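Below is one structure; the comments refer to it alone.
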Amino acid sequence: MKNVSPILEAKNLVKSFGRVMALDHCDFDLLPGEILAVIGDNGAGKSTLIKTLSGAITPDSGELFLAGQKIQFGSPIDARKQGIETVYQQLAMSPALSIADNMFMGRELRRPGFMGQVLRQLDRPAMEKFAREKLNELGLMTIQNIRQPVETLSGGQRQGVAVARAAAFGSRVIILDEPTAALGVKESRRVLELIVEVKARGIPIVLISHNMPHVFEVADRVHIHRLGKRLCVIDPKDYTMSDAVALMTGAKEPDTERSAA
Amino acid sequence: MKNVSPILEAKNLVKSFGRVMALDHCDFDLLPGEILAVIGDNGAGKSTLIKTLSGAITPDSGELFLAGQKIQFGSPIDARKQGIETVYQQLAMSPALSIADNMFMGRELRRPGFMGQVLRQLDRPAMEKFAREKLNELGLMTIQNIRQPVETLSGGQRQGVAVARAAAFGSRVIILDEPTAALGVKESRRVLELIVEVKARGIPIVLISHNMPHVFEVADRVHIHRLGKRLCVIDPKDYTMSDAVALMTGAKEPDTERSAA
Amino acid sequence: NDHTASACLITKTDTNPFFVKMREGAEAKAQELGMQLRSYAGRIDGDHETQVQAIETCIADGADGILLTASDTSSIVSAVEQARDAGLLVIALDTPLDPANAADATFATDNFRAGELIGAWAAARLGNDARNARIGLLNINVSQPSVGVLRNQGFLTGFGIDVGNPNRWGDETDSRIVGHDVSDGNEEGGRRAMENLLAQDPMINVVYTINEPAAAGAYQALRAINRENDVLIVSVDGSCSGVADIQDGVIGATAQQYPLSMASLGMEAIKRWAEDGVKPDPTPGKDFFDTGVSLVTDDAASGVESISVREGLNRCWG
Amino acid sequence: MTDRNNSFEKIAPEPTADIALPAFAPASTGFLSRLQHLLHSNPSMVPLIVLLMSVGVFGLVLGERFFSPFALTLILQQVQIVGIIAAAQSLIILTKGIDLSVGAIMVLSSVVMGQFTFRYGIPVPISIICGLICGMACGAVSGLLVSRMKLPPFIVTLGMWQIVLATNFLYSGNETIRAQIIETEAPLLQFFGTKFSIGGAVFTFGVIFMVLLIVGLAYALKHTAWGRHVYAVGDDIDAAELSGVKTGRVLLSVYMLSGLICAFAGWALIGRIGSVSPTAGQLSNIESITAVVIGGISLFGGRGSIMGALYGALIVGVFTLGLRLLGADAQWTYLLIGVLIICAVAVDQWIRRVSV
Amino acid sequence: MTDRNNSFEKIAPEPTADIALPAFAPASTGFLSRLQHLLHSNPSMVPLIVLLMSVGVFGLVLGERFFSPFALTLILQQVQIVGIIAAAQSLIILTKGIDLSVGAIMVLSSVVMGQFTFRYGIPVPISIICGLICGMACGAVSGLLVSRMKLPPFIVTLGMWQIVLATNFLYSGNETIRAQIIETEAPLLQFFGTKFSIGGAVFTFGVIFMVLLIVGLAYALKHTAWGRHVYAVGDDIDAAELSGVKTGRVLLSVYMLSGLICAFAGWALIGRIGSVSPTAGQLSNIESITAVVIGGISLFGGRGSIMGALYGALIVGVFTLGLRLLGADAQWTYLLIGVLIICAVAVDQWIRRVSV
Ligand SMILES: Nc1ncnc2c1ncn2[C@@H]1O[C@H](COP(=O)(O)OP(=O)(O)OP(=O)(O)O)[C@@H](O)[C@H]1O
Ligand SMILES: Nc1ncnc2c1ncn2[C@@H]1O[C@H](COP(=O)(O)OP(=O)(O)OP(=O)(O)O)[C@@H](O)[C@H]1O
Ligand SMILES: [Mg+2]
Ligand SMILES: [Mg+2]
């Protein structure tokens with residue numbers, strides 16, 4: 001693994017909110033094709049880290065590299081254009097718009113021919129068909145109507161829609177911030193399967209989760225975040241869940257030799 | 001258990017949102033001193049059920065009984081006055097106000113003497129001290145400043161504050177809608193311990209969760225919700241987690257004899 | 001012809017006492033003559049669209065004639081034409097239209113003349129001091145409606161100041177003018193405007209005001225710095241409370257108009273038009289029927305014709 | 001009770017997205033609650049129904065005087081300016097903004113059209129284009145301040161209102177350009193005033209323009225990506241930004257389009273009043289906001305249909321004309337319109353609150 | 001770099017709630033960014049600083065003419081009505097509402113005080129109490145419509161504005177009660193106009209009342225449960241309801257209090273203009289909203305301090321008088337105030353955007 005260069009890499013990220021230093025010279029790297037889990041206490045700065053990776057937050061200092069190239073994201077759109085798709089913890093949906101509208105927000109399909117090119121009409125049937133397929137893949141069959149506004153969905157259903165969106169469009173990196181937090185057992189399972197499927201397509205995934213069994217089930221490497229920085233990266237095969245929790249909460253110090261590259 | 005009369009009971013609750021029937025003649029009962037878990041698929045209607053129990057939603061029809069007395073809640077305040085304290089899935093906090101302000105919302109402490117009685121001045125120091133203690137009990141020590149606005153907290157920190165509020169003030173029933181969804185491992189553990197502590201105080205708890213290990217660890221009985229109604233109530237000692245999941249998702253039919261009272 | 005004649009009265013606003021009086025006059029006359037009367041008004045001074053809508057409503061309503069005090073004397077002309085084409089008699093009250101012959105007749109105060117009277121009176125009162133008078137002018141609002149411009153420029157002319165463009169206030173160069181401000185024609189605006197001018201030059205000694213409420217406001221401002229007795233305030237309107245203000249020494253002189261007679265003359269003209277098809281004639285020598293304006297003051301100045309406060313009170317807005 | 005079986009929880013295994021289920025019928029099935037349910041499923045119909053009802057009531061009371069093609073089309077002519085401005089206002093309000101400068105932009109644009117033609121002798125079509133550009137530029141300034149500098153729209157347009165209005169008075173020298181001159185020398189300026197009649201009904205190009213504009217905007221808002229983005233921005237601008245909408249660009253486009261529409265309203269205004277008057281339109285902001293809100297568009301952004309703005313403008317127009325024809329005194333008319341504004345919204349709210 | 005070690009993530013085990021940490025210093029430590037940080041931690045200071053700066057600038061340019069006790073206290077007198085009204089407006093805006101009827105309520109209350117005294121011969125103190133009750137009742141109507149029927153405040157107060165204003169004109173018969181009569185027969189009505197001077201500075205009771213009112217409200221909002229509830233309702237009304245605030249009652253109390261304050265403004269108005277005039281106060285809504293927003297209170301509710309409303313009113317007053325003293329003519333003053341409104345808010349925004 002030593003020779004593989006990371007697809008997404010961050011060095012020395014710093015981000016503070018007023019007096020709170022959410023990222024404190026934090027490093028990060030994601031290797032091609034892997035599932036990287038990020039774990040850490042509440043408020044450790046995980047969400048802030050992935051927001052800087054996805055362009056939603058501009059760091060105060062630090063550098064980002066995508067496939068070895070130094071990049072800067074001015075907005076989430078820039079990151080999306082590079083194929084980085086993110087599910088945020090607060091979901092980022094427009095409550096009054098339909099599920100299909102939300103899935104295609106910012107990359108709508110237009111009808112072919114005159115209606116689409118001149119009148120710029122949306123291709124609603126195509127978008128709805130696609131949205132329905134993606135939701136079915138996730139097993140979110142309790143959603144009755146693809147035209148229903150997102151605000152009428154239950155918390156878990158919304159989360160499902162967000163995950164489906166990311167999985168459908170992510171081409172280079174998919175970042176999931178606690179995607180199963182509000183999901184039922186069955187749905188959580190589907191999301192984990194989906195993560196593995198996406199990995200099989202060769203797309204690397206960043207997964208933030210507080211659910212250790214999930215993390216240890218799917219992750220190739222585990223980035224342990226503590227007090228705004230990367231404490232260490234471990235291989236889940238070499239560590240037990242309680243080791244990970246102990247590291248995360250500061251009950252144990254990392255063992256530099258054993259930690260994964 | 002047959003002889004104990006329920007502390008909180010609901011019969012034939014119906015609630016629909018437009019064409020969606022979130023509660024379809026649903027029954028519910030909570031026995032004194034027990035931990036009752038409510039599990040079910042996303043969108044099964046769990047949140048809607050507990051919202052009717054806590055007065056946040058008025059059901060279209062159906063009856064509520066508290067300690068055998070028929071009651072009607074016009075608002076969450078009515079329920080709180082009866083000692084029913086709820087943590088909602090969407091948390092119900094005022095983002096711009098401080099942690100202490102939020103914890104005491106609607107039951108503020110006033111200073112003694114002239115300042116409090118005539119000028120109605122709040123007793124900020126007392127409220128902040130109390131809030132800090134309650135947060136410490138939950139191990140939410142990463143929260144630096146009790147005066148900081150809730151909107152600057154991480155998702156998990158907010159959840160912690162909400163749980164602390166309910167535990168501090170609930171006197172007859174505490175209802176928790178997915179209290180550990182956004183919490184870290186350590187914090188989740190603290191919440192579970194807290195639930196057990198509260199039970200030890202003799203206060204019954206309704207716990208909605210998608211986390212089967214948590215449910216099976218603490219629950220005395222498990223209410224399985226499906227398609228807007230109670231499918232059955234089981235004793236977690238008699239069933240395995242996969243049985244429960246199978247019931248919840250419809251893969252298995254309930255066995256009327258074995259299910260708990 | 002058993003059809004009772006019906007008329008519309010359209011005023012700039014229905015909150016200004018001047019127009020209230022005008023409406024009272026029209027209503028009384030309508031009762032006397034057995035006519036039907038509908039009254040309309042804009043919401044604020046300068047609310048032109050509502051007046052256009054009112055004219056259209058009158059047409060739809062099949063009225064015989066319209067009495068109109070126009071907010072925008074030239075823009076209203078198209079709507080007036082439409083009404084005249086539909087066979088209605090349109091009479092401009094208080095303010096001539098632009099051009100004046102756009103209406104069938106005009107019963108109006110000569111606002112320029114009203115200004116001229118108070119200007120001449122103020123100059124005569126000051127005598128030689130007029131050459132180094134410090135003048136403050138409180139106009140109505142920044143949109144410079146024609147009534148306000150005419151009174152203002154009339155005052156300056158009467159006082160003996162070169163007005164520059166007679167269709168605009170504010171372009172004068174005479175150093176005696178301390179400044180212009182806007183008062184919205186009410187007490188509050190009058191006081192604020194006066195205070196602003198006083199802050200610029202506390203020694204102002206002549207104040208022109210667009211109407212009497214503004215004058216009352218200006219007086220309060222002067223009183224606050226104890227200068228109420230050494231400043232001449234002149235105004236236009238001659239309302240009963242305005243004339244009473246002269247009696248109390250608030251205002252030095254005012255130019256009195258006669259809205260009630262405008263309205264009743266107008267009603268009579270419409271009655272005649274509805275019954276006999278006869279249009280009224282203008283005052284000889286003017287392109288409108290001048291209902292007259294008199295200077296009211298107890299402090300008559302030589303060379304300026306005036307009536308006493310007692311007479312002013314008798315005739316106020318008659 | 002069979003209706004209940006159609007509720008969605010029962011239909012689990014297959015996604016049944018497009019099946020139109022019969023409306024859910026609650027326990028109380030009186031006529032009122034059925035009506036409420038019907039309207040609830042179509043909230044943009046509410047102002048339309050209020051409109052039709054008010055036309056009906058006034059028609060009954062006033063008879064022919066109101067129910068004539070002349071009177072009814074008169075209403076259309078009377079609301080055309082407010083209707084056009086309300087379309088501009090709706091766009092802004094859909095993005096959670098508010099535009100207090102609409103009336104001022106309208107008047108300045110019409111003054112530019114007039115003064116360019118008559119003061120500088122510029123050919124009329126070019127003057128008109130300059131006027132339209134002027135309106136769009138005013139919108140662009142507000143748009144830049146709102147989208148780039150993130151200033152609150154209320155305060156930006158409050159400032160712009162004063163700036164544009166003062167500019168208008170200073171530039172025009174408060175001088176009206178008279179209708180007669182325009183008619184003989186630059187009739188194109190009065191283009192939107194051109195009348196044609198069908199039966200006894202008299203329409204003007206301005207009325208047609210208003211209707212076409214609103215229908216066109218309704219299409220754009222519903223069926224193009226831009227329209228969806230406008231709603232998303234109004235709904236939750238942070239979420240929209242995170243999910244890939246160029247929110248800055250959407251906001252700017254909305255303010256510029258709204259400025260352009262106001263400029264068109266200025267052109268239509270010349271057609272309506274014949275002349276170019278710098279003092280017109282002083283109440284346009286409040287009137288357009290009234291129309292938009294009565295039309296059911298939420299002031300908190302992201303909800304409502306632009307057709308509502310048209311209905312809202314018409315409702316006010318119907319009440320105004322109807323009450324005038326009834327001979328109500330002006331102050332009583334204002335009082336009643338005040339009451340009716342509140343009632344219209346109360347009805348709307350009653351319908352929205354169905355079974356919640 | 002040592003500052004960074006103070007950032008909170010390092011202080012884990014003990015809750016360190018009350019320790020005031022040194023302000024975080026970012027990489028760029030220029031004067032500007034230090035100022036920005038300072039102000040950021042105290043956003044309610046921003047309008048105060050803008051105010052002091054504008055006083056300073058005008059003082060420098062105009063010298064004694066502006067920096068005299070006369071001119072400075074004149075500003076206070078000129079803003080007293082707007083300041084009182086802005087306090088009422090702030091309360092409403094803090095609950096995410098807006099009140100377009102403040103000016104109308106003020107005028108109606110003052111008319112009631114005057115007419116009751118002079119038309120019916122009721123003793124002055126009782127008339128004044130009736131006027132105050134009238135204002136509170138108007139507020140209560142709006143409050144009931146907003147809190148019970150959940151109608152949007154904008155439209156409710158738009159309707160109330162028209163209703164109250166029309167009532168005012170109908171009831172008063174558009175007749176002014178003259179200052180001289182009030183002075184001789186009911187001087188209590190002019191109570192708030194009573195002057196006293198300290199040095200060269202002239203104050204009126206109205207000015208004192210405005211300051212006391214705002215300080216009192218600031219206390220109530222910050223240090224009582226009611227005040228916290230007002231903020232919570234404006235922040236997120238559903239969350240407030242769920243967490244046990246009687247939102248309906250809070251809203252009603254806010255609207256009633258606001259109506260009462262408007263009635264006091266009506267009383268103060270009599271003191272200021274001497275007479276009782278039914279045509280006064282027509283611009284009060286827009287002026288009060290301007291003051292509130294310049295004062296940094298968010299139109300989206302729940303954020304801002306009521307002291308800001310006072311500063312906002314004073315900023316507008318300073319600019320108006322300052323520009324007039326600079327010799328700007330009325331139209332240019334309007335234009336410049338428009339520009340300055342935008343600039344004031346832009347500065348505010350720049351400060352709030354620190355390091356985000
Ligand atoms: N916009 C903001 N303003 C101020 N402080 C913030 C902001 N966003 C995050 N923080 C603070 O930064 C710290 C890190 O927050 P972050 O959301 O990244 O934590 P997290 O690791 O994702 O926690 P969780 O597991 O609870 O989601 C927290 O202390 C939080 O209070
Ligand atoms: N206010 C509402 N308007 C319309 N539909 C609603 C509303 N609230 C809930 N629903 C619908 O009612 C159903 C039940 O929702 P509820 O939130 O009770 O589910 P839940 O069991 O709590 O799910 P989860 O585990 O995902 O939180 C869902 O289909 C949801 O879409
Ligand atoms: Mg997080
Ligand atoms: Mg739920």
Side-chain angles (χ1 to χ4, degrees), chain C residues 6 8-11 13-15 19-20 23 27 36-62 71-82 86 97-99 102 141-146 148-149 165 167-171, chain D residues 62 65-66 68 70-75 77-79 81-82 103 107 162 165-166 168-170 172-183 190 193 269-284 286-287 317 320-331 333-334:
Chain C
S6 80
C8 287
L9 172 66
I10 303 173
T11 50
T13 68
D14 59 354
T15 58
F19 298 118
V20 174
R23 197 173 82 190
E27 271 162 5
Q36 209 188 10
L37 177 70
R38 291 270 160 83
S39 312
Y40 304 104
R43 289 190 180 200
I44 54 171
D45 223 309
D47 180 5
H48 171 66
E49 287 90 332
T50 305
Q51 292 200 323
V52 173
Q53 292 181 5
I55 292 178
E56 289 168 342
T57 311
C58 295
I59 302 173
D61 212 17
S71 268
D72 184 329
T73 50
S74 73
S75 287
I76 200 79
V77 169
S78 337
V80 167
E81 261 172 20
Q82 203 188 337
L97 300 189
D98 178 17
N141 60 37
V142 290
S143 72
Q144 305 208 0
S146 61
V149 174
N165 179 351
N167 296 322
R168 265 179 87 59
W169 50 256
D171 61 344
Chain D
L62 288 164
R65 277 198 298 157
F66 184 83
S68 65
F70 177 76
L72 290 180
T73 49
L74 184 59
I75 294 173
Q77 288 178 42
Q78 292 187 341
V79 301
I81 304 297
V82 173
V107 174
Q162 308 218 12
L165 205 62
N168 160 50
F169 287 139
L170 287 167
S172 68
N174 302 80
E175 273 179 46
T176 301
I177 301 172
R178 289 174 34 207
Q180 289 70 23
I181 299 180
I182 297 176
E183 211 172 314
Q190 294 178 342
L269 183 71
I270 304 178
R272 164 118 180 102
I273 65 176
S275 51
V276 173
S277 160
T279 56
Q282 304 203 19
L283 297 169
S284 294
I286 214 71
E287 283 172 353
T320 314
L321 186 71
L323 289 171
R324 276 210 200 105
L325 285 178
L326 277 175
D329 158 303
Q331 289 303 333
T333 308
Y334 296 139

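The structure displayed is predicted, hence computed values, not measured ones. We name chains A, B, ... by the order of the sequence lines, and we start the count at 1 in each one.
What you find for D:Y334 and C:G42 is that their closest heavy atoms are OH-C, 3.9 Å. A pairwise comparison of heavy atoms in C:Q51 and C:T11 identifies NE2-O, 3.1 Å as the closest pair. Shown here for C:W169 and C:N141, the closest heavy-atom pair between the two residues is CZ2-O, 3.6 Å.
In terms of heavy-atom pairs under 4.5 Å with chain D, the best-connected choice from C:D98, C:T15, C:I59 is C:D98. Taking C:S146, C:S75, C:A60 one by one and counting their heavy-atom pairs under 4.5 Å with chain D, the maximum is reached by C:S75. Between chain D and the options C:N167, C:V52, C:I76, C:D72, the largest number of non-hydrogen pairs under 4.5 Å is found for C:D72. Taking chain C as the reference chain and counting heavy-atom pairs below 4.5 Å, the highest number among D:G173, D:P278, D:S284, D:G274 is found for D:G173. Across D:G193, D:G281, D:A166, D:S172, the residue that shares the most heavy-atom pairs under 4.5 angstrom with chain C is D:G281. Put simply, of C:R23, C:Q36, C:E56, the one with the most heavy-atom pairs under 4.5 Å next to chain D is C:E56.
With rounding to the nearest 0.5 Å, the separation of OG in C:S71 from CZ in C:R43 is 13.5 Å.
Proximity to chain C is limited to the side chain of D:L283, based on heavy atoms less than 4.5 angstrom apart. With a threshold of 4.5 angstrom between heavy atoms, D:L170 does not approach chain C through any atom at all. Heavy atoms closer than 4.5 Å to chain D are found in the side chain of C:Q82, but not in its backbone. Both the backbone and the side chain of C:T50 come within less than 4.5 Å of a heavy atom in chain D. Within the 4.5 angstrom heavy-atom criterion, no atom of C:A79 approaches chain D. Using a 4.5 Å cut-off between heavy atoms, C:D171 does not touch chain D at all.
At a cut-off of 3.5 Å, with distance as the only test, a side-chain donor of D:Q331 or C:D14 sits close to an acceptor on the other residue.
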Side-chain polar contacts of residues 176-183 of chain D - donor-acceptor pairs under 3.5 angstrom, sequence neighbours left out - could you list them?
unit_1, atom_1, unit_2, atom_2, d
D:Q180, NE2, C:E81, OE2, 3.2

Step-by-step side-chain contact (heavy atoms from CB on, under 4.5 Å) determination, C:T57 to D:L321: CA-CA 7 Å; C:T57 311; D:L321 186 71; 3.5 Å; yes
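Residues satisfying the salt bridge (charged side-chain N to carboxylate O under 4.0 Å, His left out) criterion with D:R324, sequence neighbours excluded, are absent altogether.
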